[in-house]
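Okay, so here's the structure we're looking at.
Remember, it's a predicted structure, so these values are computed and weren't measured experimentally. A, B, ... follow the sequence lines: proteins, then strands. Residue 1 opens every chain. Just the heavy atoms: all of them, side chains too, but no hydrogens, waters or symmetry mates, feed the values below.
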Amino acid sequence: MDYTFREIEPKWQSYWREQGIYHVKNECEKPHYYVLDMFPYPSGAGLHVGHPLGYIASDIFARYKRLRGYNVLHPMGYDAYGLPAEQYAIQTGQHPAKTTEVNIARYREQLDKIGFSFDWDREVRTCDPHYYKWTQWTFIQLFHHYYDKALDKARPIAELVQKIECGEHSEGLSKPWASMSEEERQLYLMNYRLAYLADIPVNWCPQLGTVLANDEVVNGLSVRGGYPVERKLMRQWSLRITAYAQRLVDGLDSVDWTESLKEIQRNWIGRSEGAAVWFPVADSPSGQTFEIFTTRPDTIFGVTFMVLCPEHEMIEHIVSDSQRDEVMQYVTWAKNRSERERQAEVKKVSGVFTGAYAVNPLTQERIPIYVSDYVLSGYGTGAIMAVPAHDSRDFAFARHFGLPIRQVVAPSADEVSDPASWTESLDSKSGICVNSGFVTGMKVKDAMKAVIDRVAEMKIGFRTVNYRLRDAIFSRQRYWGEPFPIYYKNNIPYTIPESCLPLQLPDVSDFKPTATGEPPLGHAALWAWDEANCRVVQTSKIDNETVFPLELSTMPGFAGSSGYYLRYMDPRNDESYFSPQAVNYWQNVDLYVGGAEHGTGHLIYARFWNKFLYDIGLAVKEEPFQKLINQGMIQGRSNFVYRSKTDNNLFISKNIAGREERTVPIHVDINIVDNDVLDIEMFKAWRPEFAEARFELEDGKYVCGWEVEKMSKSMFNVQNPDDLVERYGADTLRLYEMFLGPVEQAKPWDTNGIEGVFRFLKKFWKLYRVEEDGCHLSQQPATKAEMKVLHQTIKKISEDIERFSFNTSVSSFMVCTNELTSAGCAAREVLEPLVVLMAPFAPHIAEELWHALGHEDSVCMASWPMFDEQFLVEDTFTYPVSFNGKMRFTIDLPATATQQDALALIQSMPEGQKWLNGAAPKKVIFVPKKIVNIVI
RNA sequence: GCGGAUAUGGCGUAAUUGGUAGCCGCGCCAGACUUAGGAUCUGGUUCUUAACCGAGUGGGGGUUCGAGUCCCCCUAUCCGCACCA
């Protein structure tokens, strides 16, 4: 019988489904293992071959772990809320709920064809009220918690109130707590809540009609759609992720991720140590001071001016009358500049003198205060001490405005020079302090410490740490997201009771965003909160006495994806996020597979979310994802035909002389090209304008050009997995995606080698001599050589899977099959274990062969074969013999041979004598089972 | 500018982790079976050479009996961050 994958694959897919083979229980004697894929956005384009790459790898691993006796949690779901889904809905003019539904169905159909072992009973969708109930619930918990710096964990806000009442906490209190109104108290607590409402400058994207988080903006443009983003002050919900900055840095040391991704996160969090110092404003009657942050306290003697960011609140208080107009003009100009403009003109220096002076607290020197937008309001205190000699930005500013530059650090004490001659600043943190008062002569590192100690002693500053990480803006002026479980009473936000969750997303007909920032939920005119009855009411009467307005913005895409891995543990629980039993059993994700592009988004938010849930006693591990594998991006491989410049109907094959000058390349659909050879008939039928095409062929073929580009519809290089499943079967697709190269590596998609993998599977199939009534194998014992091949393969495949090196596994299968084929092996004792080895990679063919071998149960229930060392040991070993490191000939020695044996044998051989030439070897290096090298 | 990674035949890649570089696959060449093949099977395929020899893992140096692998310098490509004081 032939290998009929078209019959086999659907047959076993429905068998697995009907038998519930992949259903996982939470209680089990077996050890647990949790393998997770990053769940997809169900976009309208469907899956392309890049998506399943990671899924196939994790599926192989999950199946392997099952065969190894683990109870494996391997779920899948959909990240259905958020901008991409909504943008697609707007483009197609349909309701997002509808398009999401359709897209999910399409994804599911595509996924099912590839034969994954997901437990679909645990599917979650972030847009499902049963799911987002817990997203909203977590938000409520965040709102009701603050970060206790002493305990270094989140605690209920009620505890903070208690502390305030006992007088243990008074930071920033303007008047006694007892005399504060409810509104004043709430406003004060807002400064502490982990989910808080504040007027903050945000990334506003008019085209998308929403605010975006920092990781959703790149180079001043939105990641989704590439629209310009501007800075705007808006009242927004934020998550106080910065409270966790240090723990987010520290936690990286305990997880098994690639160094590069950890580094991406460290950079994003951007921890820097330094000092905060207060600089008094000169001649200030009210004794004003302002705080600056510096990582170079050692250079404080080199400060020649100060700079405030345009948003700094101090500006209007200190600006001199003569400078007021100019300063205000600059501030207005700077504030109205778009992010993109600002970033594009980073090199251009701008700024203005305030007319005011500050006093260097260590030297009592008067130094001018400037305003410039090179100082950012969001970092540190939005004010800096400028040391132009040792900071390139200050240097550029000083040169532009002709401000003095004073050297205070030199590579060595005698390398002091006149900064007037410098072309750049001396930013290095190594060297000796010069002209620096009491730190003169100290090494930079020692001076940093000395200056901090001194300012601390003088009570004008302190050692501190700053982070680049900003709080995560959590409001989106969009429709397709989780509603906030928040209503407003006297403009003060209150959470709706947990028992009323989920707060369902209202169905509105007009879900489009507005350019002004009014959330589309405002279109749900009748959407308000009846406080007394704890329910959403449809009334236009918001009386602010019994009926209150609800928050109209929705949560961002990362809300739903931040805790989904925990929900999979217990996905149908309506009483809690997940049960303690479930989380105690599964703990956290053992292996997480997904793209590195989520390094500064989802992977940070999820870690934060998990740490918070850990603090409040829900999660049991501080880090959610123990091991992380980043699968490489699959790029497209475009094909080109070459059209004559003079004759639109003439196409010239790639390698014909002079083709380059005579033609222009045109993208051609990769589906009508096979191994870079164009299917001429399909090409003519592809588009009407090519119907009359004529060709200049080479060797009777039309050879296309190719290039690696992004996979995109417009380049006709999108490879759809369904087509390949149809043509070669899911098992071939699975093996081929793995065979392409290491999972972690980015690579262009290229079907040129898929035939080879397909041939291999057919060959593998033949090995089993399948007939209508099963396999016609002999019961004869396998030869020693055959057993050796088998056990080598078991060893290799096991090691490969543990190392996540699936491309080499496929090669090993090929070698094994080739050897068994040429040995004519028909021994059951060899072929049966081989089926189990194949099961994680090509589950359909393995299942079919397993049954053909006479088994009644599924191959998924088998156990992984163990290799037996006895088949691998050699009686003799062939040693390469080198002279001075140069390999010359080989000798066979018993496995137990020693250096003396080797040397004796070599000396007795004519070859050996030729090389030794009668002389005694200087040295003999003998590494058992490796090499004999003789130094002559 | 800062940080991270990568570099091996015509192509995708492999190398027991310092021990015969190029496994496996594609492509190509030759052959077998075929009316036929874009089916199947067999053999060959780093370069140079008729062959032996020789050269060879981006370039240059170093450590070592021995380097694709370790160390230093350089180049190229990819990715991340980027006025973060």
Side-chain angles (χ1 to χ4, degrees), chain A residues 218-219 258-268 270-272 274 292-296 299 307 342-343 345-349 372-376 378-387 390-394 396-397 427 466-470 596-597 599-600 632-633 635 674-677 679 701 706 736 739-742 744-748 750-757 759-760 762-763 795-796 799 805 807-818 821-822 878-890 921-925 927 929-936:
Chain A
V218 171
N219 294 331
T258 61
E259 210 39 55
S260 83
L261 190 66
K262 287 187 190 181
E263 213 43 48
I264 286 173
Q265 291 214 340
R266 287 193 193 104
N267 286 341
W268 186 258
R271 182 184 197 277
S272 46
I292 58 98
F293 173 73
T294 178
T295 55
R296 294 295 302 275
T299 61
V307 188
R342 197 185 64 76
Q343 291 191 7
E345 293 168 12
V346 156
K347 292 277 175 290
K348 220 166 135 184
V349 176
S372 173
D373 68 351
Y374 86 89
V375 174
L376 306 176
Y379 185 78
T381 56
I384 61 157
M385 60 176 218
V387 186
H390 305 292
D391 181 286
S392 55
R393 298 150 301 178
D394 298 345
F397 193 85
D427 291 5
N466 245 301
Y467 300 90
R468 205 187 73 100
L469 185 74
R470 313 286 161 85
E597 67 272 20
T600 54
M633 189 95 74
Q635 299 133 289
D674 190 20
N675 273 348
D676 292 340
V677 175
D679 185 319
K701 294 182 294 191
W706 61 272
Y736 185 59
F739 186 66
L740 219 43
E744 295 93 327
Q745 195 175 299
K747 53 207 161 242
D750 175 357
T751 37
N752 287 350
I754 198 168
E755 293 281 350
V757 173
R759 267 198 282 272
F760 152 70
K762 284 192 283 193
K763 223 164 161 181
K795 187 171 186 228
K796 186 72 177 18
E799 286 169 358
S805 171
N807 55 329
T808 56
S809 311
V810 180
S811 295
S812 307
F813 277 126
M814 288 175 174
V815 173
C816 173
T817 303
N818 287 344
T821 301
S822 49
T878 304
Y879 283 89
V881 179
S882 328
F883 287 84
N884 288 346
K886 190 91 196 160
M887 164 40 195
R888 293 304 170 187
F889 52 89
T890 62
K922 278 188 198 149
K923 196 172 167 189
V924 179
I925 291 107
V927 184
K929 296 201 178 171
K930 284 203 171 158
I931 198 163
V932 184
N933 186 27
I934 296 170
V935 187
I936 48 179

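Every residue was checked against the side chain to side chain donor-acceptor pair (under 3.5 Å) condition with Arg468(A), not counting sequence neighbours, and none meets it. Here Arg266(A) pairs with Asp253(A), Glu259(A), Glu263(A) under the salt bridge (charged side-chain N to carboxylate O under 4.0 Å, His left out) rule; sequence neighbours left out. Under the salt bridge (charged side-chain N to carboxylate O under 4.0 Å, His left out) criterion, Asp391(A) pairs with Arg393(A), not counting sequence neighbours. Gln265(A) meets the side chain to side chain donor-acceptor pair (under 3.5 Å) test with Arg607(A); sequence neighbours excluded. Under the ring pair (Phe, Tyr, Trp, His ring centres under 6.0 Å) criterion, Phe739(A) pairs with no residue at all, not counting sequence neighbours. With sequence neighbours left out, the salt bridge (charged side-chain N to carboxylate O under 4.0 Å, His left out) criterion links Lys747(A) to no other residue. Looking at residues two or more places apart in sequence or on another chain, you find a ring pair (Phe, Tyr, Trp, His ring centres under 6.0 Å) between Tyr374(A) and Phe397(A).
Among the heavy atoms of the strands lying under 4.0 Å from Arg470(A) is at least one base atom, whether or not backbone atoms are also near. Residue Pro748(A) is out of contact with every strand shown, counting any heavy-atom pair closer than 4.0 Å. Contact annotation for Val307(A): no contact, since no heavy-atom pair falls under 4.0 Å across all strands. Here Lys262(A) lies out of heavy-atom contact (under 4.0 Å) with every strand. Looking at heavy-atom distances under 4.0 Å, Ser272(A) makes contact with sugar-phosphate atoms alone, never a base.
Rounded to whole Å, the distance from CZ on Phe883(A) to P on C65(B) is 17 Å. Separating the CD atom of Glu597(A) from the P atom of C78(B) is a distance of 18 Å, rounded to the nearest angstrom. In this structure, Ile934(A) places its CD1 atom 15 Å from P of C65(B), rounding to the nearest Å. In this structure, Asp427(A) places its CG atom 15 Å from P of C83(B), rounding to the nearest Å. For Leu740(A) and A14(B), the CG to C1' distance is 15 Å, given to the nearest whole Å.
Distance noted for atom P between C28(B) and A39(B): 10 Å (whole Å). For the C1' atoms, the distance linking A82(B) with G4(B) amounts to 15 Å, nearest Å. A gap of 31 Å separates the C1' atoms of G61(B) and G10(B), to the nearest Å. Nucleotides C79(B) and G68(B), compared at atom P, are 30 Å apart to the nearest Å. For the P atom pair drawn from G59(B) and U69(B), the interatomic distance equals 11 Å after rounding to whole Å. A distance of about 15 Å separates the C1' atoms of U57(B) and G18(B), rounded to the whole Å. Comparing the P positions of A21(B) and U16(B) gives an interatomic distance of 14 Å, to the nearest angstrom. Separating the P atom of C73(B) from that of G9(B) is a span of 25 Å, rounded to the nearest Å.
Residues Ser805(A) and Asn807(A) are in side-chain contact: their nearest non-hydrogen atoms beyond the backbone lie under 4.5 Å apart.
Each of A85(B), G54(B), C65(B) was ranked by its minimum atom distance to the side chain of Lys923(A); first place goes to C65(B). Relative to the side chain of Pro742(A), the nucleotides A85(B), A82(B), A14(B) differ in distance, and A14(B) lies closest. The side chain of Thr295(A) lies closest to A85(B) when the candidates are U40(B), A14(B), A85(B).
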What nitrogen or oxygen pairs link the protein and nucleotides 1-11 of chain B at under 3.5 Å?
none

Pairwise N/O distances under 3.5 Å, protein to nucleotides 25-30 of chain B:
from   : atom 1 : to        : atom 2 : distance (Å)
G25(B) : OP1    : Asn818(A) : ND2    : 3.2
C26(B) : OP1    : Arg759(A) : NE     : 3.2
C26(B) : OP1    : Arg759(A) : NH2    : 2.6
C26(B) : O2'    : Asn752(A) : O      : 3.1
G27(B) : OP1    : Asn675(A) : ND2    : 3.2

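Atom-to-atom distance recorded for Asp373(A):CG and Lys348(A):NZ is 11.0 Å, nearest 0.5 angstrom. Between the CG atom of Leu261(A) and the OG1 atom of Thr258(A) there is a distance of 5.0 Å, given to the nearest 0.5 Å.
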Distance-only donor-acceptor pairs under 3.5 Å for side chains of residues 879-887 of chain A, two or more places apart:
from      : atom 1 : to        : atom 2 : distance (Å)
Tyr879(A) : OH     : Lys929(A) : N      : 2.9
Asn884(A) : OD1    : Ile936(A) : N      : 3.1

Show your working on side chain to side chain contact (heavy atoms under 4.5 Å, CB included) between Asn818(A) and Lys763(A) and close with a plain yes or no. CA-CA 8 Å; Asn818(A) 287 344; Lys763(A) 223 164 161 181; 2.7 Å; yes
Kindly determine whether Asp394(A) and Ser392(A) satisfy side chain to side chain contact (heavy atoms under 4.5 Å, CB included), including the steps that lead there. CA-CA 6 Å; Asp394(A) 298 345; Ser392(A) 55; over 6 Å; no
When Watson-Crick pairs (N1 to N3 and N6-O4 or O6-N4) and G-U wobble pairs (N1-O2 and O6-N3) count only below 3.5 Å on both distances, what is the dot-bracket string of RNA chain B, with | for other-strand pairs? (((((((..(((......[....)))((((((.......))))))((......))..(((((..]....))))))))))))....
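Across the interface with RNA chain B, nearest-nucleotide mapping of Arg468(A) and Lys747(A) shows Lys747(A) to be the residue nearer the 5′ end.
A close approach under 4.0 Å does not occur between any side-chain nitrogen or oxygen of Arg266(A) and OP1 or OP2 of C81(B).
With its glycosidic angle more than 90° from 0, U77(B) is assigned anti.
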Could you encode protein contacts along nucleotides 15-22 of chain B as a string, one character per nucleotide from 5' to 3', using B for base contact, S for sugar-phosphate-only contact and - for no contact, with a heavy-atom cut-off of under 4.0 Å? S-S-BB--
